[in-house]
Amino acid sequence: MGKNLVIVESPAKAKTIEGFLGKDYIVKSSFGHIRDLVKKGYGVDIDNNFTPTYEVQPDKEKIIAELKKLSKGADMVWLASDEDREGEAISWHLSEALNLEKKKTKRIVFHEITKPAILKAIQNPRAIDINLVNAQQARRVLDRLVGFELSPILWRKVRPSLSAGRVQSVAVRLIVEREREVQNFKSTSAFKVSALFIAGKATVKAELDKRFNTEAEAQKFLEKCKTANYSIGNLETKPAKRSPAAPFTTSTLQQEASRKLGFSVSQTMMLAQRLYEAGKITYMRTDSVNLSETAINQANEAINKNYGKKYYQPRTFKTKTKGAQEAHEAIRPTYINVTEVEGDAKEVKLYDLIWKRTIASQMSDAELEKTTAKITISTTSETFVAQGEVLKFDGFLKVYLESSDDDDENEDENSTMLPPLKVGEKLQSKEITAQQRFTHHPPRYTEASLVKKLEELGIGRPSTYAPTISTVQKRNYVEKTDREGTPRNYSVLTLTGANVKQETKTENTGAEKSKLFPTDIGMVVNDFLLLHFPEILDFHFTAKVEEEFDEIAEGKLDWTKMLKDFYKPFHKTVEKTTENSERQSGERELGVDPVSKKKVIVRIGRFGPLAQIGETNEEKGTKAQFAALRKDQRMETITLDDALLLFKMPRIVGEFEGKEMKVGIGRFGPYVVHDSKFTSLTKEDDPYTVNGERCTELIKVKREKDLAKIIKTFPENPNLKVQFGRWGPCITLGKDFFRIPKEKEPAKLSFADVIQIIGGMDAYEQVIANADKKSKKFGAKKDKAEPKAKAAKGKTSKALVFKAPSKKVSIKKPVFKKAASKSTAPKRVIKATRKKTAKRK
DNA sequence: CAGTGAGCGAGCTTCCGCTTGACTT
């Protein structure tokens, strides 16, 4: 037999499979899709039966060249991409792009990476399923058409650079609608009654079988209890059992890692990727809950060895996810006998989670015994109920228990044991309390609970959950933030002996951590799309088109016909909307300004949400006043009073050294600016009332602090200093920073030394000129940082220049301008880019 | 770092799914 070329999607998979197949087989990977619709324009010829135009993705040119060469020399090419719609398309694109001969090409599939599975696949090859490929083309083209027709409408009607799509727009809708549910939620309260009884030597905790709507009713009930006798009216013991959850899919892994370990969705995926690449776990982007036979056998061994035979119970799970394609196994340890891995702490934790979940899925049910005791009250018909739970056999609970999203108020002191009780037995009441409890609004989404919801709706795929969440945040439709709670009073009535005591207590309510909130722009875009394109935004739109894709895959429906039927009415709506719809600014009238008697509105402006008093009208000579909304304010909920307060800012609070002091609220909170220098106000200072005296004080303190940082100044230029920066001594020139070479002593630097470090006189002057230019360009068209960077790099800079650290900049691209020279060139200063370049260990 | 609230307009933005890159010393 001659040489065989096998092509799979993932390089890690290629490595594993090569080991199974011996030396007649070369296994290579395509790194996912290799061709896509052309990037420019639609890439689809709509008038010509939706003919797509594909191009090899630029980053895949190299791999295609290599595969081409290898396929030429091979006797047989085995296309082994995943067994799903996308995988079939990858095989098809490969056969096209590599110009493979039909008789030299075979298509094989397997959904687990085990030796028997691979060998069996090789023995059962088939041809490319063109129907399945067409289903993928339909999916791809539909997504392109939806995205590329909707987005431009948003550019015209709302704001440039926005986006819309089949998946992201529904994700945003979910978050917007949930937020409105929260806003419209009216909390009600009721009194929950619980009691502590004494039975012999033991205490029994019980809860009343009803709640009281008012404090008066609760009070009345407690009055009745004063003279009451209590006895066991009924006892019931029932066996119960609990079963383990299925092994992890991408979505359930993301949820559990979020609940149990506090990882974000993308963090989980990054860690899982590393574990996968290290050969520790199976593939992490999967919707399947299946375990291979090999894995089940390994689990059997591990359970017998670690816990005993009684704990083993083999199970197979069926996916409940609609539209699951199950091209892979569930996520599991590659070798189940490896109970823990070494290395990065977070990887270790994630592996442990996967290991436990996998093992637990093959373990016995937990057996419980639930006892319910009803306690009668002699003076009234209500009854108290005490519940106890005894674990008879722990089963899978020995290793793993799935968490739930609403662990909010499950304070039922779960699974306590009841003492031995008898029917008719008398109980002593020790204490009865009636506590006011409030109803909760539906929970806001976390990243993970949003993924769960999307999966339930069949929207998105394992490979896109994490990217979707980052897209809606990048577009500024959604933000993940914390929110501080507000205190709320509640009432507690306590009966001890013959005394009822009333207390008012305070609890914190509404606090949120890492939850998804819609932004103003997110709401405006959502409302606009929902108004004009309800079909696309429908929660079942994806499910509906998926059904049609399935029909295409089964050969029952022509893919271009499906697209035509979709596109015709859709495009009509697009045209109608482009022509007829109003520009959307989310404008909302708040009321009238009592001072000027002019209308106050909020709307989205060029730089985001703003409040506006009056209108600009040249004929009448009126001019509108503007104030940006604060970050924690929403157009939908801001009140007139809050909006009016915004116009009080910035506020001139007085004079100091002949220059005025202005107080404002900026991106980083309240500040006072004096002589164009900013000083932050402290938490105790209210920016609306703080006076000049206090501001002067703050400015003086700031000056002293700044002064303490300065190591050296130069008479040649007051803006040039040697001072302590965040990472030790450095040279500052205006807002540019320069690193001091190790061998130099900061305090002893001369002006000439400094110029040399900056890179010579030319460079020095250039930096000053660039700084000037930048400040002048303010309010001009666009951010002019780019030309500045070029100038500095191309001509002058011989030293490293870096800007003051700013989160945005450091993540996006390194702001270092690398020195064009040589030995004296200092090394990198900050590790701002480290995260990005950090590798698997 | 923090302000701004227009339309003399050139050309850009955008989708969803697959998968991991990585010029130099």
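Reminder, nothing fancy here: chain letters follow the sequence lines and each chain counts from 1.
- Rounded to whole Å, the P atom of B:dC8 lies 22 Å from the corresponding atom of B:dT4.
- Remark: A:E615 does not engage A:K598 in a salt bridge, criterion side-chain N to carboxylate O under 4.0 Å.
- Remark: A:D82 engages A:K13 in a salt bridge, criterion side-chain N to carboxylate O under 4.0 Å.
- The ring of A:F626 does not lie on top of the base of B:dT4; it is either too far (5.5 Å or more) or too tilted (30° or more).
- With respect to A:K280 and A:E347, no salt bridge is recorded, no charged nitrogen being found less than 4.0 Å from a carboxylate O.
- As judged by a 4.0 angstrom heavy-atom cut-off over every strand, A:R166 is placed among residues touching the sugar-phosphate backbone only.
- If you take CZ of A:R603 and P of B:dT4, they are 14 Å apart, rounded to a whole angstrom.
- In this structure, A:F148 places its CZ atom 10 Å from P of B:dC16, rounding to the nearest Å.
- The pair A:E582-A:K157 does not count as a salt bridge, with every side-chain nitrogen at least 4.0 angstrom from each carboxylate oxygen.
- Residue A:L563 contributes atom CG, which lies 16 Å from atom P of B:dC16 at whole-angstrom precision.
- Within a 6.0 Å radius of CZ in A:R156, no more than 12 heavy atoms belonging to other residues, nucleotides or ligands are found.
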Does the pair A:V690 and A:V663 meet the rule for a side chain to side chain contact (heavy atoms under 4.5 Å, CB included), with working shown?
-> CA-CA 8 Å; A:V690 70; A:V663 169; 3.9 Å; yes

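- Look at CD on A:Q136: it is 8 Å from C1' on B:dG17, rounded to the nearest Å.
- A side-chain donor from one of A:H33 and A:E86 sits under 3.5 Å from a side-chain acceptor of the other.
- Glycosidic torsion of B:dG9 falls within 90° of 0, placing the base in syn.
- Among the heavy atoms of the strands lying under 4.0 Å from A:G165 are primed sugar atoms or P, OP1, OP2 only; no base atom is included.
- Ion pairing of A:K677 with A:D706 is absent here, as no side-chain N (NZ or NE/NH1/NH2) approaches a carboxylate O to less than 4.0 Å.
- To the nearest angstrom, C1' of B:dT14 lies 16 Å from CZ of A:R159.
- Applying a 4.0 Å cut-off to non-hydrogen atoms, none of the residues of residues 38-45 of chain A approaches DNA chain B.
- In this structure, A:R144 reaches the bases: a heavy-atom distance under 4.0 Å links it to at least one base atom across the strands shown.
- Residue-level contact check: A:G460 touches the backbone only, with heavy atoms under 4.0 Å from sugar-phosphate atoms and none from bases.
- Within the nucleic acid shown, A:L162 comes within 4.0 Å of sugar-phosphate atoms alone, with no base atom in reach, counting heavy atoms only.
- Contact annotation for A:A624: no contact, since no heavy-atom pair falls under 4.0 Å across all strands.
- Among the atoms of the strands shown, none is found under 4.0 Å from any heavy atom of A:G664.
- Comparing B:dG11 with B:dG7, their C1' atoms sit 16 Å apart, to the nearest whole Å.
- Stretches of at least 3 consecutive Watson-Crick or G-U wobble pairs, with each checked distance under 3.5 Å, do not appear in DNA chain B at all.
- A:I63 has its CD1 atom 15 Å from the P atom of B:dT19, to the nearest Å.
- A donor and an acceptor atom sit less than 3.5 Å apart, one in the side chain of A:S161 and one in the base of B:dT13.
- No side-chain donor-acceptor contact under 3.5 Å links A:Q273 and A:Y283.
- Under the 4.5 Å side-chain criterion, counting only non-hydrogen atoms from C-beta, A:L590 is in contact with A:V602.
- Contact check, A:S10 against B:dT20: a side-chain N or O comes under 4.0 Å of OP1 or OP2.
- As judged by a 4.0 angstrom heavy-atom cut-off over every strand, A:E149 is placed among residues making no nucleic acid contact.
- Across all strands shown, A:R475 has heavy atoms under 4.0 Å from sugar-phosphate atoms exclusively, and none from any base.
- Proximity of residues 673-680 of chain A to DNA chain B (heavy atom under 4.0 angstrom from any strand atom) is restricted to A:F678, A:S680.
- As a whole-Å value, the separation of A:D59 CG from B:dT19 C1' is 9 Å.
- Geometric assessment of A:R144 against the ring of A:F148 yields a positive cation-pi assignment under the 6.0 Å and 45° thresholds.
- Between A:E455 and A:K322 there is no salt bridge, since no side-chain nitrogen of the basic residue lies less than 4.0 Å from a carboxylate oxygen of the acidic one.
- A salt bridge is absent between A:R35 and A:E55; no separation between the charged side-chain nitrogens and carboxylate oxygens falls under 4.0 Å.
- Protein atom CD of A:E9 is 6 Å distant from nucleotide atom C1' of B:dC18, rounded to whole Å.
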